[in-house]
Amino acid sequence: MSDHTQAKKITTHTLLQMKEQGSKISMITAYDYSFARLFDAAGIDVILVGDSASNVMAGHETTLPITLEQMIYHAQCVIRAVNRSLVVVDLPFGSYQSNPDIAVASAIRIMKETGAHSVKLEGGEEILPAIQRIVAAGIPVMGHLGLTPQSIYQFGTYTVRAKEEAEAATLRKDAALLQEAGCFAIVLEKIPAGLAAEVSRDLSIPTIGIGAGNPCDGQVLVMHDMLGINNTFKPRFLRQYLNLETQITGAVQQYIRDVKSGEFPSQEESY
Ligand code: KIV
């Protein structure tokens, strides 16, 4: 048994303890077995099966088209690989906004059909009844405030949210309401670092930032962005740890050359 399979599993309580101890939480997205296996073994705390699968896996422009069935498929693939990390699954657009009964039914499907550990919903006060129903069903909920991509057509752009005091005040209030409703953590996406610092200080549950600066209790990045799989996406908040687009393109071009020249396979690579 390898070290990571013996390691203690991360739970929602672990994340709360990490906040109390001032220990930062690492979170990354994954959508399939192979990458989830690597991230879990590397020691990531939280794996998010994000509805960003709609963009990076399916090639859609927004996160709106992905379905509950497709999210369940991605979560099933991820969960098979995970020994230690906490797995959070996004409830996709349309699976929770209409009413709390639909929301809890969607969350139950995710938990039952995937074996994931929790769900994430975007929004504040307007989705509070849905969050309360899901929490009452015994399902851990992560909130998501700030730039909530499922509302992109309302926002119009992917620019920083809550720069003005009115929107910042709403966000502070929403964060408190989500905590009160029983959320175990909240993603803060693309908001000023000062506001994220205030919210992180005022809440007892952890905040996980993406484009929300250093004061958050943890950070999340989309795996394709941080691994440099698409070099054209370079927002200010992104730290790119690899340049896989260049490396993969080079490797595949070399393979093509080797096949065309007859250099591959060699005698050692043949039976
Ligand atoms: O879907 C996703 O990848 C997300 C992260 C950006 C937090 O919600």
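First listed ligand is number 1; within each ligand, the first listed atom is number 1.
If you check the side chains of T246 and T249, you find no donor sitting under 3.5 Å from an acceptor. In this model, a donor atom of one side chain and an acceptor atom of the other lie less than 3.5 Å apart for N231 and Q240. At a cut-off of 3.5 Å, with distance as the only test, no side-chain donor of S151 or E122 sits close to an acceptor on the other residue. Under the 3.5 Å distance criterion, with hydrogens and angles disregarded, a donor-acceptor pair is assigned to the side chains of D258 and Q254.
Scanning the protein for heavy atoms near atom 8 (O) of ligand 1, the closest one is K120 NZ, 2.9 Å. Residue, atom and distance of the protein heavy atom nearest to atom 2 (C) of ligand 1 are S52 OG, 3.2 Å. In terms of protein heavy atoms, atom 7 (C) of ligand 1 is closest to L48 CD2, 3.7 Å.
The backbone N or O of S54 lies less than 3.5 Å from no partner atom in the side chain of D51, so there is not a single donor-acceptor pair.
Within ligand 1, counting atoms from 1 as listed, the ones closer than 4.0 Å to a heavy atom of T29 are 3 (O). Taking every heavy atom of I210 and a limit of under 4.0 angstrom, the matching atoms of ligand 1 come to 6 (C). Applying the 4.0 Å criterion to heavy atoms of V222 picks out, from ligand 1, the atoms 3 (O). Interface atoms of ligand 1 facing D90, defined by a heavy-atom separation under 4.0 Å, are 1 (O), 2 (C), 8 (O).
Within a 6.0 Å sphere centred on CD of E164, other residues, nucleotides and ligands contribute 12 heavy atoms or fewer.
Within the structure, ligand 1 has H144 among the residues with a heavy atom less than 4.0 angstrom away.
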